[in-house]
Amino acid sequence: MIYKKRTHTCGELRLADENKNITLNGWVSKKRDLGGLLFIDLRDRYGITQLNIHPSKKDVYDKAEKLGNEFVISVTGKVIKRESINKNIATGDIEIDVDVLEVLNESLVPPFVIEEDVKASDELRLKYRYLDLRRKSVTDNLIVRSRVYNIIHRYFEKHNFLEIETPILMKSTPEGARDYLVPSRVHKGKFYALPQSPQIYKQILMLSGIDRYVQICKCFRDEDLRADRQPEHTQIDLEMSFVTQDDVFEIIEGMFHAIWKEIKNIDLTIPFKRMTYDEALQTYGIDKPDLRIKGDVKIENITEVVKGSEFKVFNDVIESGGMVAGIKLSGQEVSRKTIDGLTEFIKKLGFGGFGYLKYNADGTVQSPMTKFLSEEIIANIKKAFNANDSDTVFILSGEKKKVLLALGQLRLKLAEDFKLRDETKFEFVWITDFPLFHYDEEAKKFESEHNIFTSPKDEYLKFMDSRDVKEVESIRANCYDIVLNGFELASGSIRINKPEVQKKVFDMIGMSDDEAKMKFGFMLDAYTYGAPPHGGAGIGLDRIIAILCGLKSITDTIAFPKTLKASSLMDECPSEVSKEQLDELGIEISKKE
RNA sequence: GGAGUCGUAGUUCAGUUGGUUAGAACGCCUGACUGUCACUCAGGAGGUCGCGAGUUCGAGUCUCGUCGAUUCCGCCA
């Protein structure tokens, strides 16, 4: 096909280009026919330029009148200054006085109008994703994503990392999430798994002396989805040898600094804040605290303060080893209606309700608990929270962890309802020292909190042979997360590199030698040939892009996302396959009852 | 696996207590219009009310099932 190729893009021309003879290629975005005078907005991914079709050029005008939206055209003409300028678009000072118009392709009427303020449902947008991607707001996300890839590649290259691809077809391991399986034709009845992450490969690369590895890779998990969970997501995967936790932190902090500098022109403060898991839980009631929340909205343990009160609810809880704790809301008007709403919220979390103390501006105290609590205790609670008049304190009592988690949720709810988040901030924080194991009451056994290669901190090695729940659950790991604005962005650990420690972990979670050998034999073998100390992390790229683009969901950071039922509405996958294909694989589909 | 919400014109939605011919806006088509940029104005076409049963004299509306989208819990790093 021969046509006039563009000399400029649709976002490029300015008043300085006046009188230039140029050619543009693009899509008809909008036609405004004033009868005799015809304007066309021509769109490409760079922007929009207005075309002016003058009736004196009859053949051009006749052609232009027949154009529909989304027709692909090539126009040649002169850049002229507009009579009435449009301040809303970058090219708004000029327009093109069109001399030649070629239709490169026609278009059906699109199922929805392609405009920034799109009215179509998500379902329709996904079905016609190619049309949705013509919208600037979606394209812009992909542009940010592309730039971030580029920054990452450059950053790790500069720091001497090797970018190494690991297999997409790998061995299925039943630990962690459910695997996506791929049947083998050559080995009928056997299956590959798609990687949940390249964890095992990257650790093996460390044994190979690769020393610094990075990869931007796809990870697959066949689990039920949520708004911000896709069946395949992208991870910045890295691993380093001869390092401590601090070395890993430094590299990752540098990466975030580089990304924020280049994309947002923001100088992030590094090193990031650090907080242990226990501190996060006790202060914020969650392992991914949102530190953008203004005011002193923290959890205070007031078990000791209310000891010896007349209040039976508190006394029962304290007697059974529980806790009384609360959070403070500063300087907000708390109405009866607010209390009712919050009570409803707390009930959903499995509590009967909560107590509250409203310290009024006039010095009086409003609370359903005044008749049970002495003036002294009420004053001491105020002191414990460092509360002022016009502050409100919400109090929960019960089993310790349950109270903390509920107050954590209440904190987020208050932040939402009273708009306490400073949306301009990027609050990074490392959460460290996670527990290594937890006891599963149902299965009656210990389970790994993180992946099974995470190393225990040296000072807890003494508990690795214990089976006392308290002792085992007290073991802390060389394990860390990066949390940004309440979202977990990255997770990693210093790995176990001594076979005898690894064996203790397997023992703890009840995995026999035979079982371990079957599942990870090759890996355990590898670790007997001189494994260097090493550690790393996996960083969620989709979520980083979502935050950089101000999106709530990761869907629009991905060119072709899937729905919550893991299907793609555009190409209609997954789909059935032919009997021949199944026969080749030796697979039969069992009939549903 | 469980719970909730939604599904009506090409699109986004309205549709009263179950009652005559299912409406609006945008889009689309036709016509008019020389400075629009959400152009304006006049006219027109366009419906398997997701699908399948049931209740009823009568179902877009009520019930059950099913499919799809979506939100949450379980699950998942």
Side-chain angles (χ1 to χ4, degrees), chain A residues 29-43 48-56 61 65-66 68-70 80-89 91-95 97 107-128 131 175-180 196-197 199 219-231 233 235 237 287-288 348-350 409 431 434 442 448-452 454 479-483 487-493 537-540 542-543 552-553 555 561-567 569 572 592:
Chain A
S29 181
K30 194 112 203 178
K31 206 168 78 175
R32 288 178 295 278
D33 186 351
L34 274 66
L37 193 53
L38 178 54
F39 297 106
I40 291 169
D41 286 343
L42 192 67
R43 163 171 37 76
I48 282 179
T49 300
Q50 176 166 285
L51 311 178
N52 180 336
I53 315 284
H54 204 270
S56 60
Y61 190 83
E65 273 204 304
K66 294 195 187 79
N69 283 346
E70 304 311 317
I80 57 173
K81 190 179 172 183
R82 285 202 198 186
E83 275 183 32
S84 50
I85 62 170
N86 182 351
K87 290 202 173 74
N88 298 322
I89 59 174
T91 60
D93 288 329
I94 57 98
E95 62 190 359
D97 181 14
S107 167
L108 295 176
V109 174
F112 57 89
V113 183
I114 296 163
E115 55 194 344
E116 277 318 291
D117 193 14
V118 73
K119 288 175 192 77
S121 66
D122 290 349
E123 195 175 345
L124 200 72
R125 289 176 51 208
L126 287 178
K127 184 169 177 193
Y128 297 94
L131 297 181
E175 314 303 317
R178 189 179 297 115
D179 282 328
Y180 271 102
Q196 294 172 30
S197 84
Q199 188 67 33
C219 301
F220 305 85
R221 288 184 193 125
D222 189 3
E223 293 293 346
D224 286 352
L225 305 170
R226 290 286 188 281
D228 62 344
R229 266 196 243 156
Q230 285 276 319
H233 74 277
Q235 183 172 307
D237 194 48
D287 61 0
K288 43 181 182 180
K348 277 187 195 147
L349 297 174
Q409 293 305 308
I431 308 298
F434 280 80
E442 265 178 48
S448 276
E449 192 74 28
H450 197 75
N451 78 49
I452 50 175
T454 301
C479 181
Y480 37 81
D481 281 0
I482 279 196
V483 172
F487 294 99
E488 182 197 314
L489 276 194
S491 188
S493 66
I539 307 165
D542 309 287
R543 212 169 261 174
K552 285 217 163 64
S553 154
T555 312
K562 293 191 171 54
T563 69
L564 284 190
K565 289 225 170 75
S567 53
L569 299 178
E572 292 178 321
K592 271 190 230 159

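Atom set for the values below is all heavy atoms of this structure, side chains included, hydrogens, waters and symmetry mates excluded.
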Paired with [N]: which nucleotide, if any, by Watson-Crick or G-U wobble criteria at under 3.5 Å for both distances?
N	value
B:C41	B:G31
B:G47	none
B:C6	B:G68
B:U55	none
B:A24	B:U12

Go through the N and O atoms of the side chain of [X] and the base of [N], and report whether any donor-acceptor pair is under 3.5 Å.
X	N	result
A:R221	B:C76	no
A:E123	B:U70	no
A:D224	B:C75	no
A:R32	B:C33	no
A:E115	B:G27	no

For [X] and [N], what is the distance between atoms [atom1] and [atom2] respectively, to the nearest whole Å?
X	N	atom1	atom2	answer
A:Q230	B:A77	CD	P	16 Å
A:I89	B:C37	CD1	P	13 Å
A:K127	B:G10	NZ	P	12 Å
A:R543	B:A77	CZ	C1'	9 Å
A:F487	B:A77	CZ	P	19 Å
A:R125	B:G10	CZ	P	21 Å
A:D97	B:U34	CG	P	18 Å
A:F112	B:A9	CZ	P	17 Å

Any A:R32 side-chain heavy atom under 4.5 Å of A:D41 side chain: yes
Can you tell me which nucleotide in [options] comes closest to the side chain of [X]?
X	options	result
A:S121	B:U34, B:U12, B:C28	B:U12
A:Q196	B:U34, B:A77, B:A38	B:A77
A:T563	B:A69, B:C28, B:U36	B:A69
A:L569	B:U34, B:U36, B:A69	B:A69
A:R226	B:C75, B:C28, B:C39	B:C75
A:R229	B:C76, B:C33, B:G35	B:C76
A:N52	B:G35, B:C37, B:A69	B:G35
A:A227	B:U34, B:A77, B:C72	B:C72
A:L34	B:G27, B:A69, B:C39	B:C39
A:H450	B:A77, B:U34, B:A69	B:A77

Over all strands shown, is [X] touching base, sugar-phosphate only, or nothing at heavy-atom distances under 4.0 angstrom?
X	value
A:L225	nothing
A:D33	base
A:L108	nothing
A:E116	nothing
A:G176	sugar-phosphate

Integer angstrom distance from the [atom1] of [N] to that of [M]:
N	M	atom1	result
B:U63	B:U55	C1'	7 Å
B:U5	B:G10	C1'	25 Å
B:G60	B:U16	C1'	13 Å
B:U61	B:C6	C1'	15 Å
B:G50	B:G2	C1'	24 Å
B:G68	B:A32	P	49 Å
B:A38	B:U11	C1'	16 Å
B:G15	B:A24	P	15 Å

[N] OP1/OP2 closer than 4.0 Å to side-chain N/O of [X]:
X	N	result
A:K87	B:C37	no
A:N86	B:G35	no
A:S56	B:U34	no

CZ/A:F112: more than 12 non-hydrogen atoms of other groups inside 6.0 Å: yes
For A:E116, I'd like to know if atom CD has over 12 heavy atoms of other residues, nucleotides or ligands within 6.0 Å. yes
One should read off an interatomic distance between A:D287 CG and A:E488 CD, to the nearest 0.5 angstrom, of 7.0 Å
With a 4.0 Å cut-off, would you call A:R43 and A:E70 a salt bridge? yes
Between A:D481 and A:K288, does any side-chain N to carboxylate O distance fall below 4.0 Å? no
Where each residue is assigned the nucleotide of RNA chain B containing its nearest heavy atom, which of A:E95 and A:E223 is assigned the position nearer the 5′ end? A:E95
Which residue, A:A566 or A:Q235, contacts RNA chain B at a nucleotide closer to its 5' end, judged by nearest heavy atom? A:A566
Quick one: closest heavy-atom pair of [X] and [Y], and the distance?
X	Y	answer
A:Q50	A:F39	NE2-CD2, 3.3 Å
A:L37	A:Y61	N-OH, 4.0 Å
A:Q196	A:C219	O-CB, 3.1 Å
A:R82	A:I89	NH2-CD1, 3.9 Å

If you measure from the ring centre of A:F39 to the centre of the six-membered ring in the base of B:U36, is it under 5.5 Å, with the planes under 30° apart? yes
